[in-house]
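Notes to accompany the following structure.
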Number of protein chains: 2
Amino acid sequence: MTLSETFKALADPTRREIIELLKKRSRSAGEIAEHFQITLPSLTYHFNTLKQANLISQERAGQQIIYSLNLSVIEELMDSYFKLFKK
Amino acid sequence: MTLSETFKALADPTRREIIELLKKRSRSAGEIAEHFQITLPSLTYHFNTLKQANLISQERAGQQIIYSLNLSVIEELMDSYFKLFKK
DNA sequence: TAGATATTTAGACAACTATCTAAGTATAGC
DNA sequence: GCTATACTTAGATAGTTGTCTAAATATCTA
């Protein structure tokens with residue numbers, strides 16, 4: 001989970017929209033897909049990108065996979081971000 | 001100057017290192033180049049990426065081009081960043 | 001255990017990125 | 001005006017990204 005991975009993950013509008021959705025509540029892949037025009041495989045690609053940046057995590061619930069925001073990691077991120085610009 | 005452009009600009013380690021250098025003081029393209037192994041044309045590409053994200057600005061001083069951090073824009077950025085994760 | 005539902009993996013592909021070399025532009029100083 | 005210095009622009013290229021379709025995997029339910 002490098003800074004580069006994190007910024008790269010946040011650089012895509014689809015992925016930021018996924019974060020917006022998960023901010024309200026955790027959701028299954030299918031529920032998330034309802035908000036987008038792109039295919040589920042494409043979304044899976046974005047889930048993986050966000051997971052690799054440690055921004056979200058997943059959990060199986062029966063046939064569904066539930067995605068959630070990793071709020072703890074986001075705090076660290078804020079810190080790195082501040083440091084980048086602070087003199 | 002979109003959020004995507006900004007995050008994309010920050011996703012590259014070379015560009016973050018340029019920011020680190022400019023944080024200490026404004027510098028010419030040549031001075032910045034001394035800190036890297038890559039060619040000046042490659043650095044110019046990174047300068048343009050950072051300029052497009054409005055993170056830096058340039059100013060000519062004789063034969064040299066001096067680059068500086070755009071601190072005002074960075075404040076806005078922080079704000080967008082907070083909003084992205086705030087419920 | 002067969003069929004339905006939910007999601008991922010694999011493989012292909014067009015577009016974009018970061019790099020290079022070679023050539024061009026701008027300024028300074030003689 | 002010529003030459004040197006500082007930097008950018010142009011064009012090529014290998015690697016990465018975001019998307020798709022088709023196939024595979026996992027779980028539930030009858």
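Letters go in sequence order (proteins before strands), and every chain restarts at 1. From a predicted model like this one, the values you see are computed outputs, not experimental measurements.
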Quiz item: Under 4.0 angstrom, heavy atoms only, what part of the nucleic acid is A/Phe36 near: base, sugar-phosphate, or nothing?
Solution: nothing
Quiz item: Once you round it to whole Å, what is the distance between P of C/dT21 and CG of B/Leu43?
Solution: 13 Å
Quiz item: What does nucleotides 21-30 of chain D look like as a protein-contact string, B for base, S for sugar-phosphate only, - for none, at under 4.0 angstrom between heavy atoms?
Solution: BB---SBS--
Exercise. Would you mind classifying the nucleic acid contact of B/Gln58 as base, sugar-phosphate or nothing, using non-hydrogen atoms under 4.0 angstrom?
Key: sugar-phosphate
Quiz item: What is the distance from CD of B/Gln64 to P of C/dA28, rounded to the nearest Å?
Solution: 11 Å
Practice problem: Give the rounded distance in Å between these two atoms: CG of B/Asn48 and P of C/dC16. | Solution: 17 Å
Exercise. Please examine the side chains of B/His35 and B/Glu20, heavy atoms only from C-beta on, and report whether any two atoms are closer than 4.5 Å.
Key: no
Quiz prompt | Of A/Gln37 and B/Ala29, the one whose closest DNA chain D nucleotide lies more 5' | solution = B/Ala29
Quiz item: Quick one: CD on A/Gln58 to CG on A/Leu50, what's the gap to the nearest 0.5 Å?
Solution: 11.5 Å
Side-chain donor/acceptor pairs under 3.5 Å, residues 5-13 of chain A, sequence neighbours excluded:
unit_1  : atom_1 : unit_2  : atom_2 : d
A/Glu5  : OE1    : A/Met1  : N      : 3.4
A/Glu5  : OE1    : A/Thr2  : N      : 3.0
A/Glu5  : OE2    : A/Gln52 : NE2    : 3.1
A/Thr6  : OG1    : A/Thr2  : O      : 3.0
A/Asp12 : OD1    : A/Thr14 : N      : 2.9
A/Asp12 : OD1    : A/Arg15 : N      : 3.1

Practice problem: For residues B/Phe36 and B/Ile32, report the shortest heavy-atom separation together with the two atoms involved. | Solution: CD1-O, 3.2 Å
Quiz item: Contact class for A/Ile38 vs. all strands (heavy atom < 4.0 Å): base, sugar-phosphate, or nothing?
Solution: sugar-phosphate
Quiz item: Are B/Arg27 and B/Glu34 within salt-bridge range, i.e. N to O under 4.0 Å?
Solution: no
Exercise. Mind calculating the distance between CG (B/Leu50) and C1' (C/dA18) to the nearest angstrom?
Key: 13 Å
Exercise. State whether B/His46 places a side-chain N or O below 4.0 Å from either non-bridging phosphate oxygen (OP1 or OP2) of C/dT19.
Key: yes
Practice problem: Take atom CG of B/Asp12 and atom C1' of D/dG15, then tell me their distance rounded to the nearest Å. | Solution: 14 Å
Quiz item: What heavy-atom pair brings A/Ala61 and A/Ile66 nearest, and what distance separates the two atoms?
Solution: CB-CG1, 3.9 Å
Practice problem: Pick base, sugar-phosphate or nothing for B/Thr49, based on heavy-atom distances below 4.0 Å to the nucleic acid. | Solution: nothing
Exercise. Could you check how far CD of B/Glu34 sits from P of D/dA6, rounded to whole Å?
Key: 10 Å
Quiz prompt | Rounded distance (nearest 0.5 Å) linking atom CD1 of B/Ile56 with atom CG of B/Leu69 | solution = 8.0 Å
Quiz item: CZ of A/Phe47 versus P of D/dT19: gap in Å, rounded?
Solution: 12 Å
Self-check item: Phosphate-side-chain proximity, B/Thr14 and C/dA18, N/O vs OP1/OP2 below 4.0 Å
Solution: no
Quiz prompt | Separation of A/Thr49 OG1 from A/Leu43 CG (nearest 0.5 Å) | solution = 11.0 Å
Quiz item: Taking the side chain of A/Tyr45 as heavy atoms from C-beta outward, which of D/dT8, C/dT19, D/dG18 is closest to it?
Solution: D/dG18
Quiz prompt | Position toward the 5' end of DNA chain C (nearest nucleotide), B/Lys8 or A/Lys51 | solution = A/Lys51
Practice problem: Determine: side-chain N/O of B/Tyr67 to OP1/OP2 of D/dT8, distance under 4.0 Å, yes or no. | Solution: yes
Quiz prompt | Atom-pair distance (CD1 on B/Ile66; P on D/dC7), nearest Å | solution = 7 Å
